[in-house]
Student: 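Attaching a single structure in structure tokens format; questions to follow.
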Amino acid sequence: MRPARLMKVFITRRIPPEGIAALSRAADCEVEQWDSDEPIPDKELERGLAGAHGLLCLLSDRVDKRLLDATGANLKVISTMSVGVDHLALDEIKKRGIRVGYTPDVLTDTTAELAVSLLLTTCRRLPEAIEEVKNGGWTSWKPLWMCGYGLTQSTVGIIGLGRIGQAIARRLKPFGVQKFLYTGRQPRPEEAAEFQAEFVSVPQLAAQSDFIVVTCSLTPATRGLCNKDLFQKMKKTAVFVNISRGDVVNQDDLYQALASGQIAAAGLDVTTPEPLPTNHPLLTLKNCVILPHIGSATYRTRNTMSLLAANNLLAGLRGEPMPSELKL
Ligand code: NDP
Ligand code: DGY
């Protein structure tokens with residue numbers, strides 16, 4: 001028997017099959033979806049959310065005060081298919097007593113795998129090398145041609161030794177990294193012990209690292225953290241990798257640092273904006289490798305994320321403990 005009053009759920013995009021199947025099976029919910037692989041226009045989101053009890057959204061959907069005001073008081077749960085929550089106006093959400101679900105842990109290994117791939121791709125100049133094979137630039141084996149920088153005996157600095165930061169360090173250790181440094185709001189001695197990682201300030205990390213990997217969350221404190229000051233302190237031979245969020249980096253300053261040879265190279269899985277316009281100056285640089293935010297992009301992981309997001313939403317709507325609820 002169907003419950004007398006169905007809870008309305010709105011999904012902002014096509015999502016992988018396991019998540020949609022779980023929601024479709026829920027007899028107490030009426031599910032509406034923006035049935036497209038492309039982002040929902042603002043007006044459609046407002047329309048779809050009107051009167052909704054639950055929202056399943058993606059990191060590219062901005063849930064701000066304006067949208068929350070337009071949505072009305074029915075909304076009880078927001079479930080994002082991401083671990084990052086910087087697209088959600090958390091203070092406004094908290095004020096309204098709305099619960100938030102997110103997807104930590106299930107994407108950690110996949111994202112760390114991508115971060116290591118990006119780091120190696122960048123420091124060993126793989127896109128440039130592949131291009132040289134195709135364009136005839138490969139004329140002979142030459143001693144200093146296409147040389148890059150290696151991980152063996154290096155110092156790796158991690159900005160944000162959280163779940164993904166640790167998973168990256170775990171994967172980099174067998175490459176022969178000599179020393180790990182990390183920074184964050186406070187030391188994390190228990191987590192750092194596995195890598196004998198040393199807690200340092202941001203300027204110390206910048207000055208001493210051969211590789212910097214940014215894995216912190218985007219917050220008011222980390223917005224623009226990687227700027228001119230940081231790049232100026234880095235070694236000329238250092239490689240910078242960001243898998244966090246584009247806004248952690250001042251991209252104009254990064255461009256200057258890369259173009260002037262202040263740092264050796266950068267690998268970015270995230271940019272501002274996303275997608276990055278095809279005429280963006282960073283795309284003119286050979287020493288900058290840019291990926292389209294694919295950290296968690298394996299079929300298995302995206303499916304698991306969608307299922308977790310669906311289960312968070314259902315649990316929240318039913319007043320049960322969520323598998324992964326964000327503490328507000
Ligand atoms: P965690 O919460 O486990 O880690 C976040 C880290 O950010 C913590 O180590 C925290 O360190 C650090 N941090 C917070 N504030 C600061 C600060 N002011 N200065 C320096 N470090 C800070 O999250 P995850 O590891 O699971 O994910 C991290 C981020 O990675 C996500 O928020 C998301 O933005 C991004 N991400 C990107 C993906 C991609 O596809 N490219 C995929 C998945 C995630 P401390 O608490 O010690 O301050
Ligand atoms: C996240 O989850 O925050 C990533 O950026 C995408 O998986």
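First listed ligand is number 1; within each ligand, the first listed atom is number 1.
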Student: Taking 4.0 Å as the limit for heavy-atom contacts, which would you say applies to M81 with ligand 2: side chain only, backbone only, both, or neither?
Tutor: neither
Student: Does any N or O atom in T108 lie less than 3.5 angstrom from one in ligand 1, N or O only?
Tutor: no
Student: Determine whether the side chain, the backbone, both or neither of V270 has a heavy atom under 4.0 Å from any heavy atom of ligand 2.
Tutor: neither
Student: Could you note down all residue pairs passing side-chain hydrogen bond (donor to acceptor under 3.5 Å, both in side chains) where residues 54-63 supplies at least one of them, sequence neighbours left out?
Tutor: T12-D61, R13-S60
Student: Between Q204 and S201, do the side chains contain an N or O donor and an N or O acceptor separated by less than 3.5 Å?
Tutor: yes
Student: Purely on distance, is any nitrogen or oxygen of I164 under 3.5 Å from one on ligand 1?
Tutor: yes
Student: Got the closest protein heavy atom to atom 35 (C) of ligand 1, with its distance?
Tutor: S244 O, 3.6 Å
Student: Of the protein's non-hydrogen atoms, which lies at the shortest distance from atom 6 (C) of ligand 1, and what is that distance?
Tutor: C216 CA, 3.8 Å
Student: Does any N or O atom in D86 lie less than 3.5 angstrom from one in ligand 1, N or O only?
Tutor: no
Student: Heavy-atom contacts under 4.0 Å between L161 and ligand 1: side chain, backbone, both, or neither?
Tutor: backbone
Student: Between the side chains of R302 and S296, does any donor sit under 3.5 Å from an acceptor?
Tutor: yes
Student: Check the side chains of T301 and T304 for a donor-acceptor pair under 3.5 angstrom, ignoring hydrogens and angles.
Tutor: no
Student: How does T222 reach ligand 1, if at all, at less than 4.0 Å between non-hydrogen atoms: by side chain, backbone, both, or neither?
Tutor: side chain
Student: Tell me which part of Q186 gets within contact of ligand 1: side chain, backbone, both or neither, using heavy atoms under 4.0 Å.
Tutor: both
Student: With respect to atom 47 (O) of ligand 1, which of H87, E191, R188 exhibits the smallest heavy-atom separation?
Tutor: R188
Student: May I ask you to identify the nearest protein heavy atom to atom 4 (O) of ligand 1, giving residue, atom name and distance to one decimal place in Å?
Tutor: G162 CA, 3.5 Å
Student: Can you name the one residue among K235, K236, K179 that meets salt bridge (Lys or Arg N to Asp or Glu O under 4.0 Å) with D210?
Tutor: K235
Student: Side chain, backbone, both or neither: which applies to R245 and ligand 1 if a contact is any heavy-atom pair less than 4.0 Å apart?
Tutor: side chain
Student: I'd like to know if T215 contacts ligand 1, where contact means a heavy-atom distance under 4.0 Å to any ligand atom.
Tutor: yes
Student: Can you list the ligand 1 atoms lying under 4.0 Å from a non-hydrogen atom of H293?
Tutor: 39 (C), 40 (O), 41 (N)
Student: So, using salt bridge (charged side-chain N to carboxylate O under 4.0 Å, His left out) as the criterion, who are the partners of R300 when residues are at least two apart?
Tutor: none
Student: Under a 4.0 Å heavy-atom limit, does S82 contact ligand 2 with its side chain, its backbone, both, or neither?
Tutor: both
Student: Any nitrogen or oxygen of I294, main chain or side chain, under 3.5 Å from a nitrogen or oxygen of ligand 1?
Tutor: no
Student: Under 4.0 Å, heavy-atom basis, I'd like to know which part of L59 is in contact with ligand 2: side chain, backbone, both or neither.
Tutor: side chain
Student: Going by the side-chain contact (heavy atoms from CB on, under 4.5 Å) test, name the single residue among L205, I159, I212 that passes it with L181.
Tutor: L205
Student: Given L254 and L268, is the side chain to side chain contact (heavy atoms under 4.5 Å, CB included) satisfied, shown in steps?
Tutor: CA-CA 11 Å; L254 177 63; L268 312 174; 3.9 Å; yes
Student: Restricting to non-hydrogen atoms, name the atom on F231 and the atom on N250 that form the minimum distance, rounded to 0.1 Å.
Tutor: CE1-O, 4.1 Å
